[in-house]
Amino acid sequence: MAALGTYAHVRDLALNLTSRELKGKYKRSVLGWCWSLLNPLATALIFTMVFKVFFQAPNPSGEPSGLSNFPLWLLCGLLPWNYLANSLNGATESLVANANLIKKVYFPRQVLVVANVASWMVPFLIEFGVLALLLLAFGNFVLPWLPVVLVLILVQTSFVLGIGLILGAVNVYFRDVKHLIAIVLQALFYATPIVYPLSLVPVRAVLFGLDLPVRSLYRLNPMVPMVEAFRDVLYDLRLPPFGDLVYVSAWGLGCMALGQLVFRRLEPRFAEEL
Amino acid sequence: MSGLAVSVKGVSKRFRLYHERNQSLKASLVRGRRSRYEELWALRDVTLEVREGTTLGLIGRNGSGKSTLLKTMARILRPDTGRIVVDGRLSALLELGAGFHPELSGRENIFLNGSILGLGRKELKAKFDDIVAFAEVEPFIDTPVKDYSSGMYVRLGFSVAINVDPAVLLVDEVLAVGDEQFQRKCREKFADLQAEGRTVVIVSHDLGAVRDVCHEAALLEDGRLEQTGPVGEVIDHYLGRVHHDRLDDGSLGARWGTGEGGIERIEVLEFGGGPAARLRTGDPVVFRLHFDTTEPIERPVFTLTVHTAGGVHVTAPNTRDAGLVPDEVKGRGHIDLRVERLLLVPGTYDLGASLTDYTGAYQYDVRHRAFRFEVVAGSPAERHGVMSLGGRWEGLPLER
Ligand SMILES: Nc1ncnc2c1ncn2[C@@H]1O[C@H](COP(=O)(O)OP(=O)(O)O)[C@@H](O)[C@H]1O
Ligand SMILES: [Mg+2]
């Protein structure tokens, strides 16, 4: 086979599909790309209102950075979360939305999921750049920490990609997946310390008459150490606990491997099931 | 080099036909597993070889598995048994412009579609001008393709696919699109590809075209490979069978289309309106196409086709070439083609008819050889070939 399936071809294809997704996203909207920035800012504003004005929550203070700013603290967790949620929603639909292509042309189908995740990564990186500038403006010198951030983004991407491959492939057979994932993501949003600090989760508590190590159970959710790690690096300016990094990396690699496995099993019959 | 471009060995393909096609978890939970389905073998143990540099025509009735075979060759479908080996880069023209994004410009879509079909960025850059020129869309290259006419759309799709530079090209029924001029260009391009020694596999209902273009043909019947060999033999065998079928059930030839509207019936009438009992060369005759539509059809084109019983395509007058394009037709009705002198020589002829959109790309109904009639000797009293020129000899030194 001359070109099909070679690395260069797959890369070109992924880039082209990504740019198609990106161009499609903001076509015909007046503010276009600005929405990518306005959305998280609006969310940050809403949660700041709720937590600062209504609940009178104290500002989390950065240790050792000394930063004390609720909206920035919120954005450090919110942006990675949005990247995860958008990518998983998008990846779930990515194969069904391209049914016509899958039925008429052969190409490595994984590229569709990859391109979709990549098309959410681009706005995420832009938002991230703006957040980094804001942090700098508020006196947090984040520049030396950026390599760690890149590693975190990489780990989260492989996590998202692995799960996205599974969701996209299963959604070809069961279209319920997209409804299910919306609910799961909503639950997960509140099971992750994004709008509240981890310290609010009790270490132990009695639930259903059982004395449970609630905090440890809570931390099984890989997005908990993930979001905490992003905050450690960006808000507090400190290295995340080594154990956490190993834990999330294991999730990233595990999901990626499982994603490949499931996708390859389900891939051969995509063209006829769609 | 084995000399084989495509080798299909013992390929079977099974589809699942779901009784209740709601892909929901609830349905599967209720039933325990996924919805119940019946199996349909679209291909059964097909073994076929296509030698390098030859053009093979796949023929057979609707549903006989031609498209399925092509899609397994293109790796879009995976066979349940057997193996397919393709030597060299393959490009499949199953649908022109599949993967075009309506909001993107022609230029952006060329790069997108090209990379989907397997071309690298560099190759595409080198071929860009050729692609645009062949599709004849230069002035609109930066316009979103959603504003293209359907003719421009398929031309661009064809142009990208054909420029992939495939060693093996698979074509499914897409050649009958676009206007006459573009079709001629496509045929020339095909001749070029054949001359360059590319391998081509074509699925087409147009047996005349298959006979013209292909070296060999393969006849599929109900998923089985019935016959392969030189194109003439296979087509004759097939036509013999089609005729038997027609005699069996009255009037049936191949028929396909999207179905929003259809040609219900074809009648052959005398000028007065009564059915023509017997037609002689030179007689006046009216061909009446009865149509019925379930939805209004915009800018329709009606075509009448005439084939000899042997499969030679005689002529295909259509309303677009005649400059008659109504804004729309809807409901039931009929149109007539009045012929002052029927210039067919004595023989057996088959009529077909089609209803398409203005470009011919969108086919509502195509009926292939649906009505058979006989022509007997009349005036001019010619007997050879398929038709008379209707001329008169003059100038011979004949005694009066
Ligand atoms: N995706 C599919 N799912 C179920 N049945 C299919 C599918 N595609 C084709 N078939 C069935 O397989 C048979 C062969 O179809 P096809 O290859 O399209 O025939 P042809 O191209 O010769 O008209 C038909 O009975 C058709 O209904
Ligand atoms: Mg077909």
Side-chain angles (χ1 to χ4, degrees), chain A residues 1-29 32 96-109 111-112 115 170-181 264-274, chain B residues 13-16 18 21-29 34 42 68 71-80 86-105 108-109 111-124 144 161 164-167 172:
Chain A
M1 298 298 293
L4 263 185
T6 64
Y7 169 72
H9 166 242
V10 173
R11 186 200 53 203
D12 279 355
L13 178 55
L15 286 175
N16 274 312
L17 286 170
T18 307
S19 90
R20 176 185 77 164
E21 299 276 325
L22 285 172
K23 284 173 185 156
K25 231 167 243 169
Y26 301 109
K27 271 262 151 84
R28 290 169 161 273
S29 76
V96 173
N98 286 292
N100 198 33
L101 209 51
I102 292 176
K103 285 195 282 193
K104 301 289 178 186
V105 193
Y106 175 77
F107 57 94
R109 276 72 166 93
V111 178
L112 289 172
V170 174
N171 192 47
V172 171
Y173 295 81
F174 299 110
R175 304 288 155 87
D176 315 59
V177 173
K178 72 164 180 270
H179 304 292
L180 219 58
I181 190 71
R264 276 162 203 230
R265 284 281 313 249
L266 298 181
E267 185 179 17
R269 292 210 0 264
F270 283 168
E272 56 204 271
E273 289 286 340
L274 280 168
Chain B
K13 177 69 200 169
R14 177 183 52 191
F15 286 120
R16 296 175 180 181
Y18 296 98
R21 189 157 179 91
N22 58 347
Q23 285 158 314
S24 77
L25 215 54
K26 188 185 108 208
S28 3
L29 288 179
R34 294 202 58 195
T68 306
K71 283 183 182 172
T72 54
M73 288 180 185
R75 297 213 276 164
I76 294 166
L77 294 174
R78 177 172 302 187
D80 292 288
V86 175
D87 186 23
R89 175 145 81 189
L90 178 146
S91 175
L93 275 69
L94 301 183
E95 185 180 298
L96 297 176
F100 277 2
H101 191 293
E103 299 280 351
L104 299 185
S105 70
E108 291 166 317
N109 269 309
F111 282 95
L112 175 62
N113 206 230
S115 76
I116 291 170
L117 294 176
L119 279 181
R121 210 178 162 72
K122 262 194 236 125
E123 281 176 285
L124 272 167
V164 168
D165 233 359
D172 193 350

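Every chain is numbered from 1, with letters handed out A, B, ... down the list of sequences.
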Chain B contact via A:Leu15 - which portion, at a heavy-atom distance below 4.5 Å: neither
Side chain, backbone, both or neither of A:Arg109 within contact of chain B (heavy atoms, under 4.5 Å):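 Side chain only.
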Distance check, rounded to the nearest 0.5 Å: [X] atom [atom1] versus [Y] atom [atom2]?
X	Y	atom1	atom2	value
B:Leu77	A:Arg269	CG	CZ	11.0 Å
A:Leu101	B:Asn113	CG	CG	8.0 Å
A:Asn16	B:Leu124	CG	CG	8.0 Å
A:Arg20	B:Glu108	CZ	CD	12.0 Å
B:Leu93	A:Lys104	CG	NZ	11.5 Å
B:His101	A:Lys23	NE2	NZ	10.0 Å

Donor-acceptor pair, distance only, cut-off 3.5 Å: does the side chain of A:Asp12 make one with the backbone of B:Gly120?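 Absent.
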Which atom of B:Ile76 lies closest to which atom of A:Ile102, heavy atoms considered: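 Result for this residue pair: CG2-O, 3.5 Å.
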Side chain to side chain contact (heavy atoms under 4.5 Å, CB included) between A:Glu272 and B:Lys13: does it pass, once the steps are laid out? CA-CA 11 Å; A:Glu272 56 204 271; B:Lys13 177 69 200 169; 2.7 Å; yes
B:Arg78 atom CZ, neighbour heavy-atom count above 12 within 6.0 Å: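 No, the 6.0 Å shell around CZ holds no more than 12 heavy atoms from other groups.
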For residues B:Leu94 and A:Lys103, determine if any side-chain heavy atom of one lies less than 4.5 Å from a side-chain heavy atom of the other. no
